[in-house]
Amino acid sequence: MTDLPPSPSVDDLKKDLRRRAKAVRSEAFERKGATASREIAAHGIAFAGRKAPAIVSGFLGIGDEIDLTPLMTRLEGEGYSLALPVMEGKGKPLVFRAWSPGEPLAETMWGIREPLPEAKTVDPDIVLGPLLAFDSRGYRLGYGGGFYDRTLARLRALKPIVSIGVAFDEQRVDAVPHVDYDERLDWILTPSGPLKCASQ
């Protein structure tokens, strides 16, 4: 009797899915990046059930992430307060600084743009985040740094929040490999509309 090969670890499964998901997102961005940005802005975030002046943290897309600027401009016009995430170091949760479209930004590692240090620090009520893949239960595949998992855990310990992953429809998979400390999303917002993540 031959020994069976060991089952791949969750980390191995994530690494493999991450490689495939990057290719899927890149192709989707190439075909419909600008259109997706407008369609997502048109949906807004009323589905999240939080009215202005709730604080919404968005993100400024890099590479083939969806450009959220049109959505954030719409939200500011509706009276929401805006913020952007700031990295404070490896292994630490993100912090958030108030920001409005047009205000100056500082470019940091990986080309990420962040509000200047003098901007007010806030704790958002709604967190919009990028991802590589998602499933119907709200599990997201990120870039492997764990920033959003630590951040969502910190915010959820403070107050009720709504977490929304922003993605192309093509980024949906049957199941994202996960472990106990992976934080689930409440919603996914894609060009075709919002998806409420299953509670179980």
Side-chain angles (χ1 to χ4, degrees), residues 10 14 40 43-62 65-66 68-69 71-101 103 105-106 108-110 112-167 176 178-189 194-200:
V10 172
K14 284 185 176 183
I40 280 176
H43 291 303
I45 60 167
F47 61 85
R50 298 292 183 90
K51 296 182 178 180
I55 302 171
V56 180
S57 171
F59 60 90
L60 298 177
I62 58 172
E65 293 175 352
I66 293 173
L68 278 196
T69 307
L71 174 60
M72 295 179 73
T73 300
R74 170 183 172 166
L75 297 180
E76 184 180 52
E78 292 176 348
Y80 287 93
S81 299
L82 301 182
L84 290 174
V86 174
M87 291 188 298
E88 290 207 312
K90 186 176 180 180
K92 295 183 178 180
L94 301 166
V95 297
F96 300 89
R97 293 182 189 149
W99 178 80
S100 293
E103 289 184 350
L105 296 160
T108 63
M109 67 178 81
W110 305 312
I112 295 172
R113 293 163 292 160
E114 300 177 346
L116 302 181
E118 54 266 31
K120 180 182 178 183
T121 300
V122 297
D123 288 319
D125 303 297
I126 300 170
V127 178
L128 299 164
L131 51 84
L132 286 170
F134 69 90
D135 64 25
S136 63
R137 296 179 63 199
Y139 287 107
R140 68 181 284 278
L141 182 70
Y143 305 116
F147 288 104
Y148 273 91
D149 291 311
R150 284 187 287 270
T151 302
L152 293 177
R154 181 185 76 82
L155 291 173
R156 285 169 170 158
L158 292 176
K159 62 180 181 178
I161 64 164
V162 179
S163 59
I164 304 171
V166 181
V176 172
H178 60 273
V179 292
D180 291 344
Y181 57 76
D182 286 329
E183 293 284 330
R184 290 165 57 187
L185 300 169
D186 300 306
W187 293 85
I188 306 292
L189 179 56
L195 168 70
K196 181 80 170 79
C197 298
S199 58
Q200 295 296 330

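Just so it is clear, the model here is predicted, and its values are computed rather than measured.
Between S57 atom OG and W99 atom CH2 the span is 10.5 Å, to the nearest 0.5 Å. Annotation: the span from L71 atom CG to I40 atom CD1 amounts to 7.5 Å, rounded to 0.5 Å. Residue L141 holds its CG atom at 12.5 Å from NE2 of H178, rounded to the nearest 0.5 Å. Separation of atoms OG1 (T73) and CG (L68) is listed at 10.0 Å; rounding is to 0.5 Å. Distance CD1/I66 to CG/L131: 8.5 Å, rounded to 0.5 Å. One finds the CG atom of L128 at 7.5 Å from the CE atom of M72 (value rounded to the nearest 0.5 Å).
Checked against salt bridge (Lys or Arg N to Asp or Glu O under 4.0 Å), D125 has the following partners two or more places apart in sequence or in another chain: K159. With sequence neighbours left out, E78 forms a salt bridge (Lys or Arg N to Asp or Glu O under 4.0 Å) with R74.
Looking only at side-chain heavy atoms (C-beta outward), Y143 and P130 come within less than 4.5 Å of each other. Between R50 and P160, the closest side-chain pair of non-hydrogen atoms falls below 4.5 Å.
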Side-chain donor-acceptor pairs under 3.5 Å in residues 151-158, sequence neighbours left out?
residue, atom, partner, partner atom, Å
T151, OG1, L94, N, 2.7
T151, OG1, F147, O, 2.6
R154, NH1, D123, OD1, 3.4
R154, NH2, D123, OD1, 3.0
R156, NH1, E183, OE1, 2.7
R156, NH1, R184, O, 3.1
R156, NH2, S163, OG, 2.8
R156, NH2, R184, O, 2.8

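The backbone N or O of V176 lies less than 3.5 Å from a partner atom in the side chain of D135, making a donor-acceptor pair. For E103 (side chain) and P115 (main-chain N/O), no donor-acceptor pair under 3.5 Å exists by modelled atom type. Panel note: side chain E65, backbone I62; a donor-acceptor pair is recorded below 3.5 Å.
Residues I55 and A83 come closest through the heavy atom pair CG2-CB, 4.3 Å. Scanning both residues, P194 and W187, for their nearest heavy atoms gives CB-CE3, 3.9 Å. For the pair P101 and L82, the tightest heavy-atom approach, listed with the atom from each and the gap, is CD-CD1, 3.7 Å. A54 and Y80 make their closest contact through O-CD2, 3.4 Å (heavy atoms, listed as atom of the first residue, atom of the second, distance). In terms of heavy-atom proximity, A48 sits nearest to I126 at CB-CD1, 4.4 Å. Considering all non-hydrogen atoms of both residues, G129 and F59 come closest at C-CE2, 3.5 Å.
Counting non-hydrogen atoms of neighbouring residues, nucleotides and ligands closer than 6.0 angstrom, the NZ atom of K51 reaches no more than 12 such neighbours.
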